[in-house]
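Residue numbering restarts at 1 for every chain, and letters A, B, ... go by the order of the sequence lines.
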Protein chains: 2
Amino acid sequence: MPTIQDVASRAGVSPITVSRVINRSGYVKSETRQRVEAAIAELRYVPNRLARSLRLKKTNTLALVLTDITNPFWTAVARSVEDTASDAGFSVVVCNTDESLTRQRQCLNTLLQKQVDGVLLVPARSDGEPVEWIQGQGTPVVVLDRRVPCRWVDVVRCDSEDGAYQLVRHLLSLGHRRIAVLSGPQDVSTAMDRVAGYRRALREAGLEPREEWVRHGQFDRSAGLEMAQQMLSIAPRPTALFAANNLVAVGALRALRDAGLRVPEDISVVVFDDLTSELVIEPFFTAVDQPAYEMGQTAAELLLARLSGSAPGEYQEILLPTKVVVRRSSAPPPG
Amino acid sequence: MPTIQDVASRAGVSPITVSRVINRSGYVKSETRQRVEAAIAELRYVPNRLARSLRLKKTNTLALVLTDITNPFWTAVARSVEDTASDAGFSVVVCNTDESLTRQRQCLNTLLQKQVDGVLLVPARSDGEPVEWIQGQGTPVVVLDRRVPCRWVDVVRCDSEDGAYQLVRHLLSLGHRRIAVLSGPQDVSTAMDRVAGYRRALREAGLEPREEWVRHGQFDRSAGLEMAQQMLSIAPRPTALFAANNLVAVGALRALRDAGLRVPEDISVVVFDDLTSELVIEPFFTAVDQPAYEMGQTAAELLLARLSGSAPGEYQEILLPTKVVVRRSSAPPPG
DNA sequence: CTGTTAGCGCCTTCAT
DNA sequence: ATGAAGGCGCTAACAG
């Protein structure tokens, strides 16, 4: 492949002149510029950004470390991050951790070695150490979606506690008294917060949350299926299920149908995080809708602002609004 | 940030010795190695892969250029590419083109500048030029999902013509005679091939495909909605719709429901490319199922094999099997 | 087993 | 308006 030196020789100038043409920096006589551009075209020269980045200590690349891009919520986030980054001339490297700390460390290590300019991190656990480690390498981080026990970091997320509270209030207002929650991993902040919001709503209604009505599992379909099955074996059976994420809800509904239960006639189901209407034939779930696209965009913009030095000095915690969407999956309890 | 030189000084060795420790290349006395490792730990040294890549002319990065990661089909492909690449020590940079040639060129340009080792490309158009351009830069390409008029390139895809043919045969066998197709962009090979398979099935059944029963639009929900509405205004109305992709089908169904039509009692709907069961409460569509995960994996493996020189000399065209899954959205025509 | 030399391709600084 | 020198951090090739 031709280098900047090859182009220079061909155009009869020095490499630095070619550099100035490519990056539109400094003065170049119009005639010289044309000769250089001609040489670039003839040689099909493509500048080597590796060398440029090494020199400039800037790669124009963002890392997006999330749990599983297969979940439509993260897909939307990834898409908005890419859109936002791309508009600013940045590329995005995506990594799936599957909620594993080991994989998270591997990802981050590789990413830092590649000298990404910034990291958008959905922490696999409520653990501040990875965040501090990245920052210790001089790389800015924005934490996405989840809380983390660090004061000195930017966070963009939704209020899980409040969303859950609202959702359970909706169930209570319909008359439900036996409400179970199918949540995610114990040490993931969103899973904890959603349980916390659930408990607060129950207590406020004068109900004592029973431990057997709280289950933790993975944030996926099969966990939802399994947790729902367990709930069905409790007597008296809950009249409503609160699924802490979209995939859990899909699995739960499967379990209910398999058990011959009708939703919402026999049992209600509500869910934190709606499935995008793009994918759904007929919206069914009563849900807390999270602005996934905005979350990615906001986080990416904040990170880019940090990189350009245009962000405010203090670290930010940005809470995006959620809203409850009532649909057909919730109704008054039977009887 | 500390460099390899800092580590070297601290350990009282030369940089190259540190390099050998990091990369486990060459001989290093166990005692020396320990000194070096201690220095690495103390300084929290992270090797700079930019410099390494510049030197080695290898970045351990793959590019994945697709149309829109928001479509679950591409999400699955992206996930499998990342899994496969990651196992081989590669990272993945993802780019969305939204079927735009301009954006495709921008993406590819940036990616080549970043010296990605290989490109997985879902071409925005049936145009061989971009492929040849990338190859001309000495970068291997594997084309995904779509045909391209190049002989000298690897391709991994499904047989759209045949899948469509099978799907329309299914409709014919149910007794349908007025079948319409809602396809994607005219110049995208999968959209063309699915129409071609449709036509072949019709002709074989002694039916002449009517032009008004063929529509082209974007491969998204709103196009599906619009195309379906247009079809409903044709008299006599088609008794079955063939949606050329998943999102088109969701949009079409919306249009049918809005028009007060029941599926499949009043009109049947079949679709090329199933929505993954992870996301669907109750599978409904009769569909051609494509092995999305395998497609990404196969393509990534082929690309990695090319990079390691372990691939066969000839370019490959790998056709992955599809299968028709009959569900509730198709039934005999009314009357 | 370890070190020296040189250079990957580019851009900043300082001349001219 | 253009160029020369030097170095970003790393490793291959060759000593020793």
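The distance from atom CD of Q34(B) to atom P of dC1(C) is 14 Å, rounded to the nearest whole Å. K29(A) places its NZ atom 14 Å from the C1' atom of dG3(D), with the value rounded to the nearest Å.
When all heavy atoms are compared, the tightest approach of A292(B) to S80(B) is O-OG, 4.2 Å. Across all non-hydrogen atoms, the minimal contact from Q5(A) to P15(A) is OE1-CG, 3.3 Å.
Here salt bridge (Lys or Arg N to Asp or Glu O under 4.0 Å) pairs that include residues 55-84 of chain A, with residues two or more places apart or in two chains, are D68(A)-R79(B), R79(A)-D83(A), R79(A)-D68(B), R79(A)-D98(B). Among residue pairs with one or both ends in residues 130-152 of chain B, those qualifying as side chain to side chain donor-acceptor pair (under 3.5 Å) are E99(B)-R146(B), R147(B)-D193(B); sequence neighbours excluded.
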Candidate pair V142(B) and Q316(B), rule side-chain contact (heavy atoms from CB on, under 4.5 Å), full reasoning: CA-CA 9 Å; V142(B) 172; Q316(B) 313 238 343; over 6 Å; no
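One N or O on the side chain of S126(A) and one on the backbone of D187(A) form a donor-acceptor pair closer than 3.5 Å. Using a distance-only test at 3.5 Å, with no hydrogens or angles considered, no donor-acceptor pair links the side chain of T32(A) to the main chain of V28(A).
Contact annotation for S53(A): no contact, since no heavy-atom pair falls under 4.0 Å across all strands.
Of the residues in residues 35-43 of chain A, none has a non-hydrogen atom less than 4.0 angstrom from any atom of DNA chain D.
Rounded to 10 degrees, the angle separating the terminal axes of the helix from dC1(C)-dG16(D) to dT16(C)-dA1(D) is 30°, with each axis obtained from five end pairs.
Taking side-chain N and O atoms only, S14(A) has no distance below 4.0 Å to OP1 or OP2 of dA4(D).
When each of L121(A), D127(A), V122(A) is paired with Q104(A), the side-chain contact (heavy atoms from CB on, under 4.5 Å) condition holds for L121(A) and for no other. A side-chain contact (heavy atoms from CB on, under 4.5 Å) with R20(B) is found for exactly one of V18(B), I16(B), I22(B), N23(B), namely I16(B).
A search for salt bridge (charged side-chain N to carboxylate O under 4.0 Å, His left out) contacts involving R10(A) returns E42(A), not counting sequence neighbours.
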How would nucleotides 6-16 of chain D be written as a contact map, 5' to 3', with B for base contact, S for sugar-phosphate-only contact and - for no contact, using protein heavy atoms under 4.0 Å? BBBBBBB----
